[in-house]
Amino acid sequence: MSSGSRWTIAAFHAVRCRLRTVKPRPAHQAASESIHIHSAGCYSDRETYSEHFVTEESIAILAMLRSEVFTDFPSLRVMISHGGGSVPYQVGRWQAEVLHPGLGGNPDSERFETSLRRFWFDTVLHYPPSLELLLKLVGPDRVLFGTEKPGSGSAPNPETGLDFDDIKPVIEGFDFLTDADRKAVFEDNARAFFPGLKNHLA
């Protein structure tokens, strides 16, 4: 599928990827300016289906930030599925690491939360406080609406009666978002991430 500006959906198996050694190649340049990273299926007895997604997408963010990908491809747009794995919710650990000399960091390094805004994220989080944290951490301008419904979150939440992955009412109910913020999440950010959509949508 193409939206005009080429894009791809990457099944990212980060354990086998060594992004720190990646150098620009014509194949990379031809691949896309918009990449959606979504883990492939899990075939390990060590992890369940959902655990595998969270692990791989977390590794994807951290490996890319340690690499030269965004230096080599400054216009690259990268979206991480499932709200960015575990990274946004363990942000304090990574904030400390990039500044900690004993862990390879430097007090003058770019703040981790600034680096995190190089990515875009979907809203496929089944717990409203997690989605609220993501929106406040990276900003509503870096979050695209997404839902698995029907999917792994399609079970009724006993507290609301709605499925856990019925995410649109959750976003509509966040009082810290403006109408412009909600429009960005529901529509405008997708148009920015996939600029070629303008050739296919009214």
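- Residues Leu133 and Phe176 fall within the same hydrophobic cluster, defined by Ile, Leu, Val, Met, Phe, Trp and Tyr side chains chained together at heavy-atom separations under 4.5 Å.
- Atom CG in Asn189 sits 9.5 Å away from atom CG in Asp181 (nearest 0.5 Å).
- At distances below 3.5 Å, at least one donor-acceptor pair connects side-chain atoms of Arg117 with backbone N or O atoms of Val138.
- Phe193 and Leu197 fall within the same hydrophobic cluster, where Ile, Leu, Val, Met, Phe, Trp and Tyr residues are linked whenever their side-chain heavy atoms come under 4.5 Å apart, directly or through other members.
- Here the CG atom belonging to Leu144 is positioned 9.0 Å from the NE2 atom belonging to His36, to the nearest 0.5 angstrom.
- What you find for Ser115 and Leu65 is that their closest heavy atoms are O-CD2, 3.9 Å.
- Using a cut-off of 4.0 Å between Lys/Arg side-chain N and Asp/Glu carboxylate O, Arg93 and Glu97 are scored as not salt-bridged.
- Remark: side-chain polar atoms of His100 are paired, donor with acceptor, to backbone N or O of Gly102 under 3.5 angstrom.
- Remark: the backbone N or O of Pro129 is not paired with any side-chain donor or acceptor of Glu132 at under 3.5 angstrom.
- Taking all atoms of both residues into account, the shortest heavy-atom contact from Pro128 to Phe174 is O-CZ, 3.5 Å.
- Side-chain atoms of Ser58 come within 3.5 Å of backbone N or O of Ser86 as a donor-acceptor pair.
- Here the side chain of Thr123 pairs a donor or acceptor atom with the backbone of Gly146 at under 3.5 angstrom.
- Here the side chain of Ser109 pairs a donor or acceptor atom with the backbone of Val98 at under 3.5 angstrom.
- Of the possible polar contacts, one joining the Arg182 side chain to the Leu177 backbone as a donor-acceptor pair under 3.5 Å is found.
- Taking a cutoff of 4.0 Å between a charged side-chain nitrogen and a carboxylate oxygen, Glu110 and Arg118 qualify as a salt bridge.
- The CD atom of Glu57 lies 5.5 Å from the OG atom of Ser39; values are rounded to the nearest 0.5 Å.
- A salt bridge links Asp163 with Lys149: the closest approach of a Lys/Arg side-chain nitrogen to an acidic carboxylate oxygen falls below 4.0 angstrom.
- Contact detail for Phe164 and Pro158: the closest heavy-atom pair is CZ-CD, 4.3 Å.
- Criterion: ILVMFWY side-chain heavy atoms under 4.5 Å apart, direct or through other members. Under it, Met79 and Val54 are not part of a common hydrophobic cluster.
- A 4.5 Å side-chain heavy-atom check between Val78 and Ile80 finds at least one atom pair inside the cut-off.
- Looking at Val69 and Thr71, their side chains never come closer than 4.5 Å, going by heavy atoms from C-beta outward.
- Contact of the Asn157 side chain with the Leu162 side chain is not registered, since no non-hydrogen atoms from C-beta on lie closer than 4.5 Å.
- Here OG of Ser154 is found 8.0 Å from CD of Glu148. Values are rounded to the nearest 0.5 Å.
- With a 4.5 Å cut-off on side-chain heavy atoms, Phe186 and Glu172 count as touching.
- Under the 3.5 Å distance criterion, the side-chain polar atoms of Asp122 are matched with a main-chain donor or acceptor of Gly83.
- To the nearest 0.5 Å, atom CZ of residue Phe112 and atom CD of residue Gln95 are 8.0 Å apart.
- In summary, the aromatic rings of Phe53 and His38 are positioned with their centroids under 6.0 Å apart.
- Looking only at side-chain heavy atoms (C-beta outward), His82 and Leu125 stay at 4.5 Å or farther from each other.
- A cation-pi arrangement is absent between Lys168 and Phe145, since the terminal nitrogen or guanidinium carbon is not both under 6.0 Å from the aromatic centre and inside a 45° cone about the axis.
- A distance of 10.5 Å separates CD in Gln90 from CG in Leu62, rounded to the nearest 0.5 Å.
- Between Asp188 and Lys183, the shortest heavy-atom distance links the atoms OD1-NZ, 2.8 Å.
- For Phe70 and Phe119, the ring centers sit closer than 6.0 Å to each other.
- When every heavy atom of Leu99 is checked against every heavy atom of Pro101, the shortest pair comes out as O-CD, 3.2 Å.
- Nearest heavy atoms, Ala40 versus His52: O-CD2, 3.2 Å.
- Using modelled atom types, no side-chain atom of Thr147 and backbone atom of Ile167 make a donor-acceptor pair closer than 3.5 Å.
- Within 6.0 Å of the CG atom in Asn106, the count of heavy atoms belonging to other residues, nucleotides or ligands exceeds 12.
- Placement of Leu131 and Val124 in two distinct hydrophobic clusters is found when ILVMFWY residues are connected by side-chain heavy-atom separations under 4.5 Å, directly or transitively.
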